[in-house]
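Taking it in order: structure first as structure tokens, then the write-up.
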2 protein chains.
Amino acid sequence: MRARIEDVAEAAGVSMKTVSRVLNNEPNVSEATRLRVEAAVNRLHYKPHHSARALAGRRSYLVAMLFDNPSSNYLMEVELGLLDACQSQHYNLMLAPLVYDAGDIVAKVESLVAQSQLDGVVLTPPITDDTALLKRLRELDVPYASISAKEANRRIGVVVDEHHAVCAMIAHLALLGHKRIGHIKGHAAHGASGWRLAGYRDGLKRAGLRYDPTLVVEGQFSYESGYTAANRLLDQKSPPTAIFAANDDMAAGAICAICERGLSVPQDVSVCGFDDVPIARQVYPSLTTVRQPTRDMGRLAGLELLKEIRSPGSGVIVDVPYTLQLRRSTGPAPA
Amino acid sequence: MRARIEDVAEAAGVSMKTVSRVLNNEPNVSEATRLRVEAAVNRLHYKPHHSARALAGRRSYLVAMLFDNPSSNYLMEVELGLLDACQSQHYNLMLAPLVYDAGDIVAKVESLVAQSQLDGVVLTPPITDDTALLKRLRELDVPYASISAKEANRRIGVVVDEHHAVCAMIAHLALLGHKRIGHIKGHAAHGASGWRLAGYRDGLKRAGLRYDPTLVVEGQFSYESGYTAANRLLDQKSPPTAIFAANDDMAAGAICAICERGLSVPQDVSVCGFDDVPIARQVYPSLTTVRQPTRDMGRLAGLELLKEIRSPGSGVIVDVPYTLQLRRSTGPAPA
DNA sequence: TTGAAAGCGCTAACAC
DNA sequence: GTGTTAGCGCTTTCAA
């Protein structure tokens with residue numbers, strides 16, 4: 001039979017409560033007692049019972065990851081990072097797919113929180129910026145951490161300086177001699193789309209290049225939208241020699257569109273993306289892109305959330321570094 | 001304050017236990033009483049408390065998905081399906097990434113089961129066929145369901161008739177006039193690799209084509225391994241005119257290798273894969289492949305597991321249908 | 001610094 | 001068909 005706290009107490013010659021104190025790192029335990037208890041815990045292979053703890057302590061030791069956007073490598077990475085953070089602190093992670101079109105997200109989250117007694121939630125884009133939801137979470141006093149939230153919605157979580165990253169990418173293209181650099185925008189609901197566009201404009205300015213609105217077209221972050229958008233760019237009378245797509249999926253779509261026209265990447269047109277998901281290494285030619293440390297971002301967001309749950313007010317925003325991944329899809333501008 | 005079972009009992013004018021009976025669909029409740037209780041439940045917005053239930057019932061209402069193989073679209077789909085099954089029955093899903101090289105999987109799972117008091121686990125390939133683990137799970141009396149396990153290890157879960165699917169794919173190639181059809185094998189630890197090879201051989205036989213072992217090369221299910229393997233096939237004195245790769249990632253790698261040699265797909269070489277993960281639609285040309293209903297497979301495996309947990313002996317193997325996805329990467333054999 | 005007692009909200013076992 | 005009672009294994013409260 002599994003050891004209970006009572007068995008540990010007996011083995012250590014103390015009361016249940018003292019064992020509980022040691023287990024929870026509460027103060028008011030003498031060093032000697034603590035050691036004796038810890039020894040007993042190890043000897044009996046004691047593990048606290050999750051549900052009993054949750055019931056008595058009036059908390060669930062459960063946090064949820066909220067996401068729309070179910071089909072992504074990005075999400076799996078974030079999830080693995082989060083999982084790691086939760087496991088390290090004996091929390092459980094629950095997944096909550098939310099479908100935007102399917103109606104009232106706020107109500108769904110509310111019932112989830114009530115139902116599962118969540119101790120906190122982690123938000124992923126674009127849910128990070130659903131202001132109605134954020135407001136309600138605050139009213140309900142549910143701690144939350146977010147990943148890549150917009151400036152105004154940042155409280156606890158993790159961000160990357162995307163603006164800066166894109167500037168660096170544009171600088172790379174400019175250095176290769178590109179003068180006409182196109183941009184495929186991301187989905188409007190995502191904060192990232194705004195940053196990446198802003199970074200693009202700023203990057204052009206710093207490189208001494210003129211911003212030409214006809215070189216900027218809409219995308220939706222999907223492969224198909226990148227394909228379509230690239231065709232729109234290439235149909236122009238004077239098409240760009242380089243395209244910066246707001247994510248890798250769209251960049252892959254753009255590469256396909258270019259190849260289908262009988263043009264070569266990067267000889268005729270250079271292409272670059274953002275994220276560094278697996279597809280970036282699997283397209284031909286491999287994609288120059290901005291790498292975000294996605295798994296670490298999940299882990300850090302989780303750790304900040306747990307910190308905040310433990311002692312309200314202690315969670316912060318962590319700024320993590322990006323990396324420029326230069327691969328084969330960018331090259332010198334055609335003469 | 002949140003309603004408790006006691007409040008519902010009072011509101012309905014019955015005892016706690018009767019409410020409990022209604023909630024758990026136990027027998028021995030009159031229709032009238034059931035209705036009254038259900039009305040009270042709705043009126044009070046009563047939701048059972050997960051931890052209390054788990055504690056009193058000596059079960060966790062928690063199942064885990066065990067997986068190696070962290071970076072896959074496949075996994076995310078399975079997970080979403082599983083999640084759906086769990087939610088429908090008020091179970092929680094826990095994720096357990098297992099790393100094969102990192103030592104003793106059996107010990108890890110054991111401690112997981114003990115720690116979290118798992119009611120059951122779902123196994124994904126290749127963990128489905130770790131016989132030491134399966135044996136231990138049976139000894140510990142932990143119910144498990146598996147997805148695409150090998151014949152010998154199938155007890156509860158879901159499978160696709162991969163052999164048949166591959167036969168159909170080879171028939172498609174033969175019909176296009178291909179006589180020399182190569183095969184890139186999958187990772188040896190996966191049962192799927194064996195089935196797909198067997199399906200390939202059987203498909204050749206049915207099409208009246210000779211099996212030529214020099215046309216079969218090793219792969220690892222990764223993009224890179226597909227790239228390498230395709231090059232090995234194309235380096236031969238009389239290379240194949242069609243290549244069946246055991247999964248889509250390898251097929252994508254093969255396409256890349258072919259293109260790099262200045263050959264065209266499908267004009268010079270046809271390529272097809274297996275799985276229908278997103279990359280299949282995102283390579284150029286888009287990939288002919290076998291589609292497995294991955295999300296449904298996750299859901300069904302979850303449902304069978306929960307059935308088995310509820311009444312041991314009731315879980316079964318579900319055979320789900322595949323679909324042939326004919327796209328642009330296969331065409332008539334060159335003259 | 002420590003312990004005893006009283007629950008947390010539910011289900012199991014057994015009565016009626 | 002229904003109710004009563006006694007826990008499940010832990011934390012909380014309060015007393016020592």
>> Does A/E151, at its CD atom, have more than 12 non-hydrogen atoms belonging to other residues, nucleotides or ligands within less than 6.0 Å?
In response: no

| task | Test the B/R53-B/Y61 pair against the cation-pi criterion, namely NZ or CZ under 6.0 angstrom from the six-membered ring centroid and within 45° of the ring axis. | result | yes

Per atom distances to the B/E26 side chain, the nearest of C/dC10, C/dG3, C/dA12 is C/dA12

Q. Are a donor atom and an acceptor atom from the side chains of A/R58 and A/Q117 found within less than 3.5 Å of each other?
A. no

From the candidates D/dT12, D/dT2, C/dT2, the one with an atom nearest any side-chain atom of A/S30 is C/dT2

Check your understanding: With a 3.5 Å cut-off and just heavy-atom distances, do the side chain of A/K17 and the base of C/dA4 make a donor-acceptor pair?
Key -> no

Do other residues, nucleotides or ligands put more than 12 heavy atoms under 6.0 Å from A/Q87 CD?
yes

Check nucleotides 6-8 of chain C against the protein and report each pair of N or O atoms closer than 3.5 Å, with its distance, or say if there are none.
from: C/dC8; atom 1: O2; to: A/A56; atom 2: N; distance (Å): 3.3

How about CD on A/E6, more than 12 heavy atoms from neighbouring residues, nucleotides or ligands closer than 6.0 Å, or not? no

(request) Assess the side chains of A/R4 and A/Y46: does a donor N or O sit below 3.5 Å from an acceptor N or O? (result) no

Angle separating the five-pair end axes of the helix from C/dT1-D/dA16 to C/dC16-D/dG1, nearest 10°, is 30°

When you compare the protein's N or O atoms with those of nucleotides 14-16 of chain C, which come within less than 3.5 Å of each other, and at what distance?
none

Among the nucleotides D/dG3, C/dT11, D/dT11, whichever has the atom closest to the side chain of A/N24 is D/dT11

From the list A/V63, A/L66, A/L112, side-chain contact (heavy atoms from CB on, under 4.5 Å) with A/M94 holds only for A/L112

